[in-house]
Amino acid sequence: MTGTPETPQTKPAQTVTPKTVLVTGTPETPQTKPAQTVTPKTVLVTGATGYIGGRLVPRLLEAGHMVKVLVRTPAKIAGVPWLADVEVVQSSLDDGDALRAALDGVDVLYYLVHSMAAGSGFESKEKAMAQTAARAAAEAGVDRIVYLGGLHPANAELSTHMRSREAVGKVFLDSPVDAIVFQAGVVIGSGSASFEMIRHLSETLPLMPAPSWVRNKIEAIAVRDVLHYLVAAAALESPTNRTFDIGCRQVLSYAGMMQEYAAEAGLPHRVVLALPIPAPKLAGMWVALTTPIPLSMSLPLVESLQHDAVSREHDIDAYIPPPEGGLTPYRRAVALALGKERDGQVETTWASAGADADPLPSDPEWAGHRVYLDERSYSSDVDPKHVWTIIEGIGGQNGWYSMPLAWRVRGLLDKLTGGAGLLRGRRHPHRLAEGEVVDWWRAERIDRGWLLRLRAEMRAPGRAWLELSVEPEGTGSRYRQRAIFFPKGLSGRLYWLAVLPFHSLIFPAMSRNITAAAKALQDQESEPAGHTA
C-alpha cells in the first residue's frame, strides 16, 4: 500500500536479528549510534559507486552489518577507504544469473541504481533491471529490498524521470520479497546533484528570470537523514512492503531554497522572477550551461520539478524514529554541505558513477590502432614529490596551468553538445582516487608519486587520454606529459587536425607552468619558519 498509514507490527526499540544486506548507492556517516541492539545482517548494495551508495556502505559497516557490493567496474571503488571491509562482486544488473549468485546468503538488498544519465531509453532500462533484481532476490530468499525513489503528488502526470522511479518502486512492492520504498525530494548534501544545481544557480545571477515551477513547493532532506533511514531499514523485522515519504518537514518553494542558500553562503539576496511559462526543456538547457550537471541529467531533473514534492504522510515515525536531535532543517543542511566542501571532506559526488569505458590499451597493443600523440617533457631541479603534488591536484579550482580562457571555451562547447563540460570539478582539491572525476576527465590509473592517467569524458569523435608523470633525474626531476587520441573514422582524424594548433599552444605552456608551480611549492616549503618577505 502506498502512502497509507499503517500500524507497525513491531516496536523499533526491540532487539533485532542481524541480516545480510545488499546495498546500492552511496553511504554517509551516521549521526548517532542506533539505540537498539542490532544483530549483524548480510546486505548487498548496488550503486556503491554512486552518490548515496558510496556513503551508505561505510555506515552499514559501522552498524555492524556484513556488506557485499555489486559493481560493473571495480576500478571505480579502488580508492575508497572501506574497500578491504566489503566483498566486491563484479557484475551487471543485466545479468540475472550473476545477481542471483551474488544474493546467496544475503538478507537485505539495497537497490540504489538509476540510469538517468544514460540518456534516452533509461525508463525501460530501469524497469527491466528492477524486474531482474526482484526475480533474483526472490529466488535467493532475500528478506527485504530497500529502494530510494522520489516524492511526487498523487494522480499527476509525472515526468519520465519520476514516472520511472515510481515504476521501479512498484516492481519491488509487487514482488514476493518484502520491500521498503523511501520517497524523498531534493537531497541536500556536499556533492549531490540537487545541491550543485541550487548552489550554481544561486551564485550565477543576483536577478534571475525563471520558469513558473520555481514557485512549486519542495520538501528537501539532508543526505545524512536519508542515510539514517536507509541504515535503519535493515533492522526492521516484520514484513512492511510499502512506501514511506521522507523529508525535513519544512516546505519551501524552489525560489525560496535558492534564497535561503544565498543567505547561508553570505551572498546578497537573490531575486527570482517567476515567469508564467513552464519551459522545462529551455530551463534544462540553462541548468546544463550554468551548473556542472550535464544536459542528459539536467533535463530529467528539471522536469521532475514541474510538480510539488511534499510528503503526504509521516508514517515512517512509527517504524523508524528520527535521528537523535531531530531531522535536519534545510538551511542547516546547506551549512553542513558548504562546510564539508570548504574543509575538503566531500565523501562522494553526483558524478561518482559516470559511464563505463574501455581502459587505454598498453603501448605494445597499439598496433592496429590509428593513434595520435602529443608528448612533452620538462626537466628541472624540483624534487619529484613537489611535481607530483601539483599533478595530483590538477583541475577543479586549481585549473589546468595553461590558457584558462581556451579551456573554458572548449568546456562550453562540450556543454552545448551535451557533454560533461569543465564545471564538474573534483571531490577533493589535492587528493585523487582512481575512478574519480576531474572536470571532463576521469582518473583511470594512479601510480602515486609517479603517474596519473585521465580518460576523457568530453564529446569527441574518438577516445582520448591525458597522462601526467614525473621521474627523478639527477638531483631534480623530469615531468612528462602525453595526450593520446584514438580517432573514430574520418571525423576523428579531422577533429585532431582541427585542435592541433591549440595543442601547440596549450601543452608546452602546461608542462612549463606545472613545473613552475612545483618549484614555487618547493621554495615555499623550504622557507624558514616565521620568515616574512
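What's counted below: heavy atoms across the whole structure, side chains too, no hydrogens, waters or symmetry copies. Since the model is a prediction, treat every value here as computed from it, not as a measurement.
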* **Stepwise side chain to side chain contact (heavy atoms under 4.5 Å, CB included) test for S477 and S380** => CA-CA 6 Å; S477 61; S380 70; 3.7 Å; yes
* For Y229, check ring pair (Phe, Tyr, Trp, His ring centres under 6.0 Å) against everything at least two apart and list the hits. => none
* Can you sort out the partners of E196 under salt bridge (Lys or Arg N to Asp or Glu O under 4.0 Å), two or more places apart, ordered by chain and number? => R199
* Without swapping roles, check the side chain of D414 against the backbone of R459 for a donor-acceptor pair under 3.5 Å. => yes
* Any idea which heavy atoms bring A443 and L454 closest together, and the distance? -> CA-CD2, 3.9 Å
* **Side-chain heavy atoms of D374 within contact of R482, under 4.5 Å** => no
* Between Y495 and P461, which heavy-atom pair has the shortest distance, and what is it? -> CB-CG, 3.6 Å
* Test item: K488 side-chain N/O and R463 main-chain N/O as donor-acceptor pair under 3.5 Å -> no
Donor-acceptor contacts under 3.5 Å from residues 83-91 side chains, at least two apart:
unit_1	atom_1	unit_2	atom_2	d
Q90	NE2	R72	O	3.4

* Asked: If you measure only the distance, is there a donor-acceptor pair under 3.5 Å linking the side chains of R270 and S202?
  -> no
* Would you indicate whether R249, at its atom CZ, is surrounded by more than 12 heavy atoms from other residues, nucleotides or ligands within a distance under 6.0 Å? => yes
* Flag the pair Y330 / I221 as yes when at least one side-chain heavy-atom distance between them is below 4.5 Å, and no otherwise. => no
* Asked: Given F502 and M403, is the side chain to side chain contact (heavy atoms under 4.5 Å, CB included) satisfied, shown in steps?
  -> CA-CA 10 Å; F502 298 98; M403 298 182 68; 5.9 Å; no
* Asked: What's the spacing between I188 CD1 and S194 OG if we round to 0.5 Å?
  -> 6.0 Å
* To do: With the side chain counted from C-beta on, respond yes when L201 and Y261 share a heavy-atom pair under 4.5 Å apart, and no when they do not.
  => no
* Those residues that, when tested against F182, pass ring pair (Phe, Tyr, Trp, His ring centres under 6.0 Å) (two or more places apart) -> none
* Rounded to the nearest 0.5 Å, how far does OG1 of T389 lie from CG of D383? -> 9.0 Å
* Looking only at side chains, do Q481 and Y378 share a donor and an acceptor under 3.5 Å apart? -> no
* **For S504, all residues meeting side chain to side chain contact (heavy atoms under 4.5 Å, CB included), sequence neighbours excluded** => none
* Is there side-chain contact between V113 and E126, with heavy atoms separated by less than 4.5 Å? -> no
* Can you run down the salt bridge (Lys or Arg N to Asp or Glu O under 4.0 Å) pairs that involve residues 503-522, sequence neighbours left out, and say none if there aren't any? => K519-D523
* Distance under 6.0 Å and angle within 45° of ring axis: R410 vs W440 -> yes
* Under a 4.5 Å cut-off applied to non-hydrogen side-chain atoms, are L466 and M510 in contact? -> yes
* **Nearest heavy atoms of A406 and I506, plus distance in Å** => CB-CD1, 4.1 Å
* To do: Look up atom CD in Q345 and atom NZ in K340, then write down how far apart they are to the nearest 0.5 Å.
  => 5.0 Å
* Are any non-hydrogen side-chain atoms of V382 and Y479 less than 4.5 angstrom apart? -> no
* To do: Taking salt bridge (Lys or Arg N to Asp or Glu O under 4.0 Å) as the test, write out the residues that go with R332, two or more places apart.
  => none
* **Geometric class of the F486/W465 ring pair [parallel <30°, tilted 30-60°, perpendicular >60°]** => perpendicular
* Structure fact -> The ring pair (Phe, Tyr, Trp, His ring centres under 6.0 Å) partners of F507 (sequence neighbours excluded) come to H503
* Taking the side chain as every heavy atom from C-beta outward, state whether I180 and I145 have any atom pair closer than 4.5 Å. => no
* To do: Go through the structure and list residues passing salt bridge (Lys or Arg N to Asp or Glu O under 4.0 Å) with E260, not counting sequence neighbours.
  => none
* To do: With side chain to side chain contact (heavy atoms under 4.5 Å, CB included) as the test, would you mind laying out the steps for K125 and M129 before giving the verdict?
  => CA-CA 6 Å; K125 180 179 179 182; M129 288 195 305; 4.3 Å; yes
* Only counting residues at least two apart or in another chain, list the ones meeting ring pair (Phe, Tyr, Trp, His ring centres under 6.0 Å) with Y254. => W213
* Asked: V302 versus M197: any side-chain heavy-atom pair under 4.5 Å?
  -> yes
* Matching residue for R453 among E434, E467, R442 - test: side-chain contact (heavy atoms from CB on, under 4.5 Å) -> E467
* Could you state the interatomic distance from CG (L521) to OG (S526), rounded to the nearest 0.5 Å? -> 9.5 Å
* Asked: Which pairs, with at least one residue in residues 392-402 and sequence neighbours excluded, count as a side chain to side chain donor-acceptor pair (under 3.5 Å)?
  -> W388-E392, E392-R448, W400-D439
* With side chain to side chain contact (heavy atoms under 4.5 Å, CB included) as the test, would you mind laying out the steps for I246 and Q183 before giving the verdict? => CA-CA 6 Å; I246 56 174; Q183 298 183 150; over 6 Å; no
* Worked check of salt bridge (charged side-chain N to carboxylate O under 4.0 Å, His left out) between E436 and R427 -> CA-CA 8 Å; E436 288 188 344; R427 183 186 61 85; 2.5 Å; yes
* Asked: Taking atom CE of M258 and atom NE2 of H269, what is their separation to the nearest 0.5 Å?
  -> 11.0 Å
* To do: Could you grab the distance from atom NE2 of H65 to atom CG of L60, nearest 0.5 Å is fine?
  => 6.0 Å
* Kindly say whether P323 contributes a backbone atom to a donor-acceptor pair with the side chain of D225 at under 3.5 angstrom? => no
* To do: Might you point out which heavy atoms bring V437 and R424 nearest each other, and give the distance in Å?
  => CG1-NE, 3.6 Å
* **Shortest non-hydrogen separation from I77 to A48 and the atoms involved** => CG2-O, 4.4 Å
* Do the side-chain N and O atoms of E341 and S190 include a donor-acceptor pair separated by under 3.5 angstrom? -> no
* Structure fact -> What one should report as the nearest heavy-atom pair of I394 and G399 is CG1-O, 3.6 Å
* Asked: Can you list the residues that meet the side chain to side chain contact (heavy atoms under 4.5 Å, CB included) rule with S469, with sequence neighbours excluded?
  -> W450, L451, R480
